[in-house]
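Being a predicted model, the structure only gives us computed values, none of them experimental.
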Amino acid sequence: WDTNAATAGSGNAAGTWDSGTNWSTDSTGASATTAWVDGESAVFSAGTDGTGGYTVTLAGTISTPSILVEEAGAKTIAGGTINIGGGTITTAAAGTGNTFTISSILAGSGGLTVAANGDMSDTGGGAGGMLVLSGASTFTGDVTLTSGLVRFNSSFGDSANKIILNGGGLLDNNLNLTSTRNIEVGASGGTIRLYGSATTNLNGSISNASGVLSASLKHTDGGTLRLGGSGAGYTGTFTNARGNIQLVTTNWAGMDLVNTDGSTFTVVSTGDTTIKSLTSDRDVQIPSGGRLNISSGNYTAADGAGM
């Protein structure tokens, strides 16, 4: 991305993607600019000056295998359609405090791999950075998140697409969202981050990705996370690092639940709810008529924990 002709750097300015000469094949931006060429990789931006907040606009349809962000800043890609199925979006450099938004339609087949920006720490770091995919995307294939945070209600394409958390995570920034998409957890684990007053419902299934024998999933920052889908395919650790965790459905027999820094763990069902093990120094709430089955027999409670 280069809006200032042969002057070094990108110009740090808005412009149109698919018309005009806002692109350069020179990574420093010191050469003459040219028009976009379909099939090339899109890099934001030439030089190192592209740190501002601006909007890049499309009017038609372009094709690219990848979008790479190299500098910090809250930017937007808007309008038109981007054929990027089977490709990658990398916004990690946008920073933990900035929101990078793509409101263009994402199309194609073969899924999408995303390395986003955003704070993955247990506390959330007080930073609100994330990637938002807000267009009416149509691409098919699973979405793999390898780093950073993507907003929960982003458009993840076709309704059959799964979300694979493999180092990355999802963020509910106090929107009280409900997701019915199925989630798989890869070898690098996953994060669910909620702002302090958010109540988030995960009503799709949560399971291990193919080949993963012991998964690792973490709830960070705050809010109340409600697991309302099937947990029958999940084997591994679930760490409630902050906030509240509620099991709405009953079969989590392969899950080792760790709640040592979070808040309350609540069993919602009045029937039998099964987990593999529980380590907790926080309160556990079980409704009248309900029962928590700990299948391995391991329940470790520190002083002050109640049930």
Value for CG (N240) from OG (S263), rounded to nearest 0.5 Å, stands at 7.0 Å

Let me see the working for T146 and N166 under side chain to side chain donor-acceptor pair (under 3.5 Å), right down to the final yes or no.
CA-CA 5 Å; T146 61; N166 194 27; over 6 Å; no

Any donor-acceptor pair under 3.5 Å linking the side chain of N293 with the backbone of S295?
no

Set of side chain to side chain donor-acceptor pair (under 3.5 Å) partners for D158, sequence neighbours left out:
none

Under a side-chain separation threshold of 4.5 Å, the hydrophobic residues clustered together with I105 are none

Taking atom types as modelled and ignoring hydrogens, do the side chains of S10 and N12 form a donor-acceptor contact shorter than 3.5 angstrom?
no

May I ask you to decide if S179's main-chain N or O and N203's side chain share a donor-acceptor pair within less than 3.5 Å?
no

Full working for side-chain contact (heavy atoms from CB on, under 4.5 Å) between L292 and Y299:
CA-CA 11 Å; L292 176 63; Y299 168 38; over 6 Å; no

First locate atom CG of L106, then atom CG of L133, and finally report the distance between them rounded to the nearest 0.5 Å.
6.0 Å

Before you tell me yes or no, could you show the steps for I84 and I67 under side-chain contact (heavy atoms from CB on, under 4.5 Å), namely the whole-Å CA-CA distance, both residues' side-chain angles and the distance that decides it to 0.1 Å?
CA-CA 9 Å; I84 197 172; I67 297 171; 4.0 Å; yes

Taking atom types as modelled and ignoring hydrogens, do the side chains of E70 and S45 form a donor-acceptor contact shorter than 3.5 angstrom?
no

Compare every heavy atom of G11 with every heavy atom of N4, then report the nearest pair and how far apart it is.
ND2-N, 3.4 Å

Write out all pairs satisfying ring-ring contact (aromatic ring centres under 6.0 Å, His included) with one or both partners inside residues 225-272, taking only residues at least two apart or from two chains.
none

Does any part of the side chain of L213, heavy atoms only, come nearer than 4.5 Å to the side chain of N208, both counted from C-beta?
no

For the hydrophobic clusters of this structure (ILVMFWY residues joined by side-chain heavy atoms under 4.5 Å, transitively), does one cluster hold both I163 and L171?
no

Once side-chain hydrogen bond (donor to acceptor under 3.5 Å, both in side chains) is applied, what residue pairs with a partner in residues 90-112 remain, sequence neighbours excluded?
T91-N117

Quick one: does any side-chain atom of N259 pair with a main-chain N or O of S280 as donor and acceptor, under 3.5 Å?
no

For V268 and T273, what are the C-alpha separation, side-chain angles and deciding distance, and is it a side-chain contact (heavy atoms from CB on, under 4.5 Å)?
CA-CA 9 Å; V268 174; T273 297; over 6 Å; no

Between D142 (side chain only) and K162 (backbone N and O only), is there a donor and an acceptor less than 3.5 Å apart?
yes

When clusters are formed by joining ILVMFWY residues with side-chain heavy atoms under 4.5 Å apart, either directly or through shared neighbours, do L145 and M120 land in the same one?
no

Please find the pair of heavy atoms, one from T28 and one from A46, that lie closest to each other, and give the distance.
C-CB, 4.2 Å

Transitive ILVMFWY side-chain link V43 to I82, under 4.5 Å:
no

Any chance you could measure M130, atom CE, to S154, atom OG, to the nearest 0.5 Å?
8.0 Å

What residue among T123, L225, D119, D172 forms side chain to side chain contact (heavy atoms under 4.5 Å, CB included) with R193?
D119

For R181, side chain to side chain donor-acceptor pair (under 3.5 Å) partners two or more places apart:
none

Close side-chain approach of T274 to T250, heavy-atom, < 4.5 Å:
no

Side-chain donor/acceptor of T16 to backbone N/O of D18, under 3.5 Å
no

Do D26 side-chain atoms and S31 backbone N/O form a donor-acceptor pair below 3.5 Å?
yes

What pair of heavy atoms forms the shortest contact from W36 to E40, and how long is it?
CH2-O, 3.2 Å

Gap separating the CD1 atom of I275 from the CG atom of N251, nearest 0.5 angstrom
11.5 Å

Heavy-atom closest contact (G190 atom, V185 atom, distance):
N-CG1, 4.0 Å

Would you name the heavy atoms of G186 and A209 that are closest together and state the gap between them?
CA-CB, 3.9 Å

Is there a path of hydrophobic side-chain contacts, each under 4.5 Å between heavy atoms of I/L/V/M/F/W/Y residues, joining L175 to F156?
yes

Which is it for I192 and F152 under the side-chain contact (heavy atoms from CB on, under 4.5 Å) test, yes or no, and what are the steps along the way?
CA-CA 9 Å; I192 308 294; F152 253 114; 3.7 Å; yes

Taking the side chain as every heavy atom from C-beta outward, state whether L170 and L165 have any pair of such atoms under 4.5 Å apart.
yes

Distance check, rounded to the nearest 0.5 Å: T144 atom OG1 versus I164 atom CD1?
4.0 Å

Residue pair E184 / N182, side-chain heavy-atom distance below 4.5 Å:
no

According to a hydrophobic-cluster definition based on side-chain heavy atoms being under 4.5 Å apart (Ile, Leu, Val, Met, Phe, Trp, Tyr only), do L112 and I183 belong together?
yes

Hits for salt bridge (Lys or Arg N to Asp or Glu O under 4.0 Å) against K276, two or more places apart or cross-chain, chain-then-number order -> none

Could you tell me whether a side-chain N or O of S137 sits under 3.5 Å from a main-chain N or O of F139, the two making a donor and an acceptor?
no

Is any side-chain heavy atom of T266 closer than 4.5 Å to a side-chain heavy atom of I245?
no

Results of side chain to side chain donor-acceptor pair (under 3.5 Å) for S66 - residues two or more places apart only
S41

To the nearest 0.5 angstrom, please state how far the CG atom of L202 sits from the OG1 atom of T178.
9.0 Å

Under 3.5 Å: donor-acceptor pair, side chain of D221, backbone of G124:
no

Among T264, L227, T224, which one satisfies side chain to side chain contact (heavy atoms under 4.5 Å, CB included) with Q246?
T224

Using modelled atom types only, decide if a donor and an acceptor are shared between the side chain of N22 and the backbone of T3 within a distance under 3.5 Å.
no

In short, salt bridge (charged side-chain N to carboxylate O under 4.0 Å, His left out) pairs touching residues 224-251 with sequence neighbours left out are none

List in chain and number order the residues that pass salt bridge (Lys or Arg N to Asp or Glu O under 4.0 Å) with D122, two or more places apart in sequence or in another chain; answer none if no residue qualifies.
K218

Is the positively charged end of K75 above the ring of Y54, judged by distance under 6.0 angstrom from the centroid and angle within 45° of the axis?
yes

Can you name the residues that form a ring pair (Phe, Tyr, Trp, His ring centres under 6.0 Å) with F44, not counting sequence neighbours?
W1, W17, W23

With sequence neighbours excluded, tell me which residues meet side chain to side chain donor-acceptor pair (under 3.5 Å) with S197.
N174

All heavy atoms of G228 vs all of V248, minimum pair found to be CA-CB, 3.9 Å

Could you give all pairs that pass the salt bridge (charged side-chain N to carboxylate O under 4.0 Å, His left out) test and reach residues 244-273, with sequence neighbours left out?
D272-R291

Short question: side chain of N173, backbone of Y195 - any donor-acceptor pair under 3.5 Å?
no

